[in-house]
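Beneath this line is the structure, given in structure tokens, with notes to follow.
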Amino acid sequence: MEQRNAKFGFIADYYSEHYEELKAFVTKRVMHVEEAEDIVQNVFMRLLSSDKMITPITMPSLVYTVARNMVFDYWRHRRSVEEYEHYFAYAGSRGSVDGQSVYSAIEINELLERGMARLSDRQRDIYRLNIREGMQVREISERLHMNYKSVENRLGSARKEVRRYMQRMLA
């Protein structure tokens, strides 16, 4: 417990001493002060939630590495947002995008549920554990007390069936 409190104190001290410096580093790369402040805050939140050992020697390089990675993530996100904005602007100018042509998350989820309803009970259970709960094949086989290969084969066939169904319904 003392080590954790010492770690938090060390990170808090580093934050208060180097906040402006790190904010300038990030601002230079993202060009928006508000976004830079959010990224800097997230850098230190990530360090506080990290279970890795952080020392005074590793702290500066770790902070800048995490900041650099978060800037990369920011730009990757911006690029995909701009691609979708461009797509909708282009398609909208051609008149091909209307309220009915864009599926909502609820509609996609309903289609997915209908596709899973077409599976056998065992396939549906395996597929649901994999998709909804994020379990791996090994974990599913242990939980359902089934052979690993059997779970793997049923999951593969369930994926193919749901994929075919979704392609038909979204076409």
Salt bridge or not for Arg78 and Glu35, using N-O below 4.0 Å?
no
From OG (Ser141) to CD (Glu152), nearest 0.5 Å
10.0 Å
Mind checking whether Arg132 and Met116 have side chains closer than 4.5 Å, heavy atoms only?
yes
For the CD1 atom of Ile131 and the CD1 atom of Ile126, what is their distance to the nearest 0.5 Å?
12.5 Å
Listed by chain and number, what are the salt bridge (Lys or Arg N to Asp or Glu O under 4.0 Å) partners of Arg29, not counting sequence neighbours?
none
Could you see if Phe72 belongs to whatever hydrophobic cluster contains Met45? Use Ile, Leu, Val, Met, Phe, Trp, Tyr and a side-chain cutoff under 4.5 Å.
no
Start with the C-alpha gap between Val162 and Met166, add the side-chain angles, then the distance that decides, and say whether side chain to side chain contact (heavy atoms under 4.5 Å, CB included) holds.
CA-CA 6 Å; Val162 171; Met166 295 294 286; 4.1 Å; yes
Determine which pairs satisfy side-chain hydrogen bond (donor to acceptor under 3.5 Å, both in side chains) with at least one residue from residues 56-67, sequence neighbours left out, and list them in order.
Glu21-Tyr64, Thr55-Thr58
I would like to know whether Met59 and His18 meet side chain to side chain contact (heavy atoms under 4.5 Å, CB included); could you show each step before the answer?
CA-CA 11 Å; Met59 184 70 165; His18 299 279; over 6 Å; no
Pair Asp125 + Arg122: basic N to acidic O under 4.0 Å:
no
Evaluate the ring planes of Tyr14 and Phe44, with Trp represented by its six-membered ring, and classify them as parallel (under 30°), tilted (30 to 60°) or perpendicular (over 60°).
tilted
Scan side-chain atoms only and decide if Gln41 and Tyr19 contain a donor-acceptor pair under the 3.5 Å cut-off.
no
Do Leu22 and Val63 make a side-chain contact, defined as non-hydrogen atoms from C-beta onward lying under 4.5 Å apart?
yes
Met146 vs Arg154, side chain to side chain contact (heavy atoms under 4.5 Å, CB included): CA-CA, chis, key distance, verdict
CA-CA 11 Å; Met146 293 178 62; Arg154 289 180 188 198; 3.7 Å; yes
Can you tell me how far apart CZ (Arg159) and CG (Leu155) are? Round to the nearest 0.5 Å.
4.0 Å
Search all heavy atoms of Pro56 against all heavy atoms of Phe10 and return the closest pair with its distance.
CA-CZ, 3.3 Å
Side chains of Tyr127 and Leu112 in contact at under 4.5 Å (non-hydrogen atoms):
yes
How about Arg68: does its CZ atom have over 12 heavy atoms from other parts shown lying under 6.0 Å from it?
yes
Contact between Arg143 and Leu129 at the side-chain level, heavy atoms closer than 4.5 Å - yes or no?
yes
Is there a path of hydrophobic side-chain contacts, each under 4.5 Å between heavy atoms of I/L/V/M/F/W/Y residues, joining Leu62 to Phe8?
yes
Tell me whether Ser50 contacts the main-chain N or O of Arg46 through its side chain, where contact means a donor paired with an acceptor under 3.5 Å.
no
Applying the side chain to side chain contact (heavy atoms under 4.5 Å, CB included) criterion to Met70, which one of Val43, Val40, Val26, Asp38 satisfies it?
Val43
hydrophobic_cluster_shared for Tyr165 and Ile108, side chain cutoff 4.5 Å:
yes
Show your reasoning for whether side chain to side chain contact (heavy atoms under 4.5 Å, CB included) applies to Val30 and Ile39.
CA-CA 10 Å; Val30 298; Ile39 290 173; 3.9 Å; yes
Does a side-chain N-to-carboxylate-O contact under 4.0 Å join Glu113 and Arg128?
yes
Interatomic spacing from OG in Ser150 to CD1 in Ile140 - rounded to 0.5 Å
11.5 Å
Non-hydrogen atoms of Arg124 and Leu119 that approach each other most closely
NH2-O, 2.9 Å
Electrostatic pair Arg79-Glu82, nearest N-O below 4.0 angstrom:
no
Can you see which heavy atom on Lys23 is nearest to which on Ala36, and at what distance?
O-CB, 4.2 Å
